[in-house]
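Values below: every heavy atom of this structure, side chains too, minus hydrogens, waters and symmetry copies. Index from 1, following the sequence.
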Amino acid sequence: MNLQDWPEPIVRVQSLSESGLHVIPDRYIKPPSERPSPLITINSSDDNIPIIDLTGLYGDDQDIRSSILNQISSACREWGFFQVINHGIRPELMDRARENWRQFFHLPMELKQAYANLPKTYEGYGSRLGVEKGAILDWSDYYFLHHTPSSLKDYNKWPAFPNSCREVIDEYCEELVKLCGRLMRVLSINLGLREDQLQNAIGGDNIGACMRVNFYPKCPQPDLTLGLSPHSDPGGLTILLPDDHVSGLQVRRNDQWITVKPAKHAFIVNIGDQIQVVSNANYKSVEHRVIVNSGQERVSLAFFYNPKSDILIEPVKDLVTAEKPSLYPAMTFDEYRLFIRTMGPKGKSQVESMKSPR
């Protein structure tokens with residue numbers, strides 16, 4: 001599979017949206033079974049992923065601490081998704097990060113094109129996932145960049161505009177690395193492990209952290225397409241900063257799609273495939289997708305906290321028992337990630353296909 005270039009000329013979805021077309025090109029029309037039918041996305045107004053207040057997680061009150069641990073434990077086991085508030089990251093930093101990216105996507109096309117990406121690394125400004133020729137595409141553009149390890153971090157591949165962009169992204173990513181480290185300790189304790197055991201299973205301090213900023217332009221026929229097709233995240237933990245005006249993320253639960261209603265200045269946290277693997281499926285990654293909107297664009301920032309790319313990832317030995325043998329063979333994250341880079345989002349087919357035959 002050649003990852004040197006895209007199989008077809010890249011079309012920017014934002015350009016399509018701004019051209020004033022009333023009918024979307026066939027390349028974006030999903031098969032009827034995959035469209036966001038109103039019948040399967042209806043959910044009662046009180047359906048939402050759990051919202052967990054982290055105040056007191058590091059305080060002296062053991063009752064509050066154990067209540068937070070329990071809430072996170074049941075969210076990981078029952079939902080695979082939750083929101084966190086009072087997480088220790090300044091609301092103004094969150095707002096500045098999102099606003100910088102919104103401004104970037106509204107720059108003239110020639111400035112953005114200077115950062116056009118290729119499938120080998122995905123770094124930069126992109127408009128498709130996967131290199132399958134003739135694939136049906138999603139209604140979104142994005143920007144992908146690496147924060148750690150330092151060997152992959154290249155400020156020249158980060159936008160130079162708006163002027164404060166690089167500095168804001170850097171601070172934002174550093175804060176999220178710390179938040180993920182705190183959450184990993186909680187996940188580890190909740191599995192009955194030492195608090196550093198889960199972190200050590202994905203490489204200790206040598207993790208990979210990267211960000212994909214998604215831009216979903218207005219769409220004249222939102223019922224025929226998706227902003228992002230159903231998938232589970234291939235990495236470790238994902239921390240999403242959603243748009244503060246427009247919802248669009250949907251989580252699959254009991255064969256229904258539940259539209260997430262973001263709390264103010266909350267982060268949406270979800271379990272990725274690698275945490276499913278190291279936890280021996282005690283925690284499960286969950287399929288999610290994004291719907292688009294005819295009246296409003298949407299910007300979201302997805303931060304991925306991933307294993308070190310070249311170590312073998314497999315279930316933690318303490319979670320493998322005679323009753324629950326190891327479900328997954330050892331595989332590096334680099335080998336695993338190649339799947340999504342070549343095939344694009346394909347539900348949970350990748351992690352399911354790895355399961356050891358019983």
Side-chain angles (χ1 to χ4, degrees), residues 3 72 76 80-81 120-123 129 144-154 173-191 193-212 231-240 267-288 302-320 326-343 345-346 348-356:
L3 294 183
I72 293 175
C76 288
F81 266 85
K120 189 168 173 57
T121 63
Y122 271 86
E123 266 184 293
L129 292 168
F144 180 82
L145 57 85
H146 288 285
H147 184 258
T148 56
S150 53
S151 58
L152 288 179
K153 182 178 185 176
D154 182 354
C173 289
E174 278 168 23
E175 289 296 318
L176 284 190
V177 167
K178 291 179 205 161
L179 175 61
C180 287
R182 294 196 291 270
L183 291 171
M184 288 290 287
R185 289 197 286 279
V186 170
L187 266 54
S188 202
I189 292 165
N190 281 339
L191 287 168
L193 304 172
R194 294 189 315 274
E195 69 169 37
D196 61 352
Q197 219 166 331
L198 214 54
Q199 184 74 46
N200 290 340
I202 66 167
D205 292 334
N206 298 311
I207 50 94
C210 52
M211 181 156 74
R212 194 177 74 229
H231 65 288
S232 58
D233 292 339
L237 280 181
T238 301
I239 309 274
L240 182 80
F267 285 111
I268 297 169
V269 180
N270 65 283
I271 302 291
D273 294 346
Q274 304 301 305
I275 298 289
Q276 177 168 324
V277 170
V278 293
S279 75
N280 206 24
N282 281 293
Y283 297 149
K284 293 188 178 62
S285 60
V286 170
E287 252 183 286
H288 49 287
F303 179 85
F304 303 111
Y305 188 81
N306 295 332
K308 185 172 188 290
S309 65
D310 58 355
I311 61 166
L312 288 173
I313 302 296
E314 59 189 329
V316 172
K317 297 283 184 281
D318 291 2
L319 300 174
V320 176
S326 172
L327 288 173
Y328 304 99
M331 181 186 281
T332 70
F333 183 51
D334 267 348
E335 292 170 312
Y336 190 88
R337 184 162 48 184
L338 197 58
F339 174 88
I340 202 160
R341 292 202 167 164
T342 49
M343 303 300 291
K346 294 271 188 248
K348 281 201 67 170
S349 56
Q350 165 71 339
V351 73
E352 296 305 335
S353 71
M354 283 172 58
K355 274 200 176 160
S356 312

* Taking the side chain as C-beta and beyond, is there a heavy-atom pair between Val316 and Leu191 under 4.5 Å? -> no
* Where is the tightest heavy-atom contact between Ile268 and Phe81, given as atom of each residue plus distance? -> CG2-CD2, 3.8 Å
* Structure fact -> Heavy-atom closest pair (Ile271 atom, Cys76 atom, distance to 0.1 Å) is CD1-SG, 3.9 Å
* Val278 side chain near Pro315 side chain, heavy-atom distance below 4.5 Å -> no
* Asked: Is the side chain of Gln199 donor-acceptor paired with the backbone N or O of Asp196 at a distance under 3.5 Å, no angle test?
  -> no
* Quick check: does any side chain N or O of Ser232 sit under 3.5 Å from a backbone N or O of Lys348, one acting as donor and the other as acceptor? -> no
* Asked: Is a donor on one side and an acceptor on the other found under 3.5 Å between the side chain of Lys178 and the backbone of Glu175?
  -> no
* Kindly indicate whether the side chain of Asn270, heavy atoms from C-beta on, has any atom under 4.5 Å from the side chain of Leu240. => no
* Under 6.0 Å from the CG atom of Asp205, do we count more than 12 heavy atoms belonging to anything else shown? -> no
* Taking only residues two or more places apart in sequence or in another chain, which ones pass side chain to side chain donor-acceptor pair (under 3.5 Å) with Asp310? -> Lys308
* Indicate the ring-plane relationship of Phe333 and Tyr336, choosing parallel, tilted or perpendicular according to the 30° and 60° boundaries. => parallel
* Whether Gln274 side chain and Pro234 backbone form a donor-acceptor pair below 3.5 Å -> yes
* Asked: How long is the span from the CG atom in Leu183 to the CG atom in Leu176, to the nearest 0.5 Å?
  -> 10.0 Å
* Can you tell me how far the CZ atom of Arg212 sits from the CG atom of Leu145, to the nearest 0.5 Å? -> 11.5 Å
* What are the two closest heavy atoms between Ala209 and Val177, and how far apart are they? -> CB-CG2, 4.1 Å
* How many angstroms lie between CG in Leu319 and CD in Gln197, if you round to the nearest 0.5 Å? -> 7.5 Å
* Structure fact -> Output for pair (Arg337 CZ, Asp273 CG), nearest 0.5 Å, gives 12.5 Å
* Compute whether any side-chain donor of one residue and acceptor of the other, for Gln276 and Ser285, lie under 3.5 angstrom apart. => yes
* Start with the C-alpha gap between Asn190 and Tyr283, add the side-chain angles, then the distance that decides, and say whether side chain to side chain contact (heavy atoms under 4.5 Å, CB included) holds. => CA-CA 10 Å; Asn190 281 339; Tyr283 297 149; 3.3 Å; yes
* To do: Side-chain contact test, heavy atoms from C-beta onward, threshold under 4.5 Å: evaluate it for His147 versus Met211 and give yes or no.
  => no
* Asked: Are the side chains of Cys210 and Glu123 in touch, meaning some heavy atoms are under 4.5 Å apart?
  -> no
* Asked: Any side-chain heavy-atom pair from Tyr305 and Ile239 closer than 4.5 angstrom?
  -> no
* To do: Of all the heavy-atom pairs spanning Asp233 and Thr238, show the shortest one and how long it is.
  => OD2-OG1, 2.7 Å
* Asked: Can you find a heavy atom in the side chain of His231 that is under 4.5 Å from one in the side chain of Glu287?
  -> no
* Structure fact -> When rounded to the nearest 0.5 Å, the distance separating CD1 of Ile313 from CD1 of Ile202 is 7.0 Å
* **CG-CG distance between Leu198 and Asp318, expressed to the nearest 0.5 angstrom** => 11.0 Å
* Check Cys180 against Leu237 and note the closest heavy-atom contact, atom names and distance. => O-CD1, 4.1 Å
* To do: With the side chain counted from C-beta on, respond yes when Tyr122 and Leu129 share a heavy-atom pair under 4.5 Å apart, and no when they do not.
  => yes
* Heavy-atom pair of closest approach, residues Tyr328 and Val351 -> CE2-O, 3.8 Å
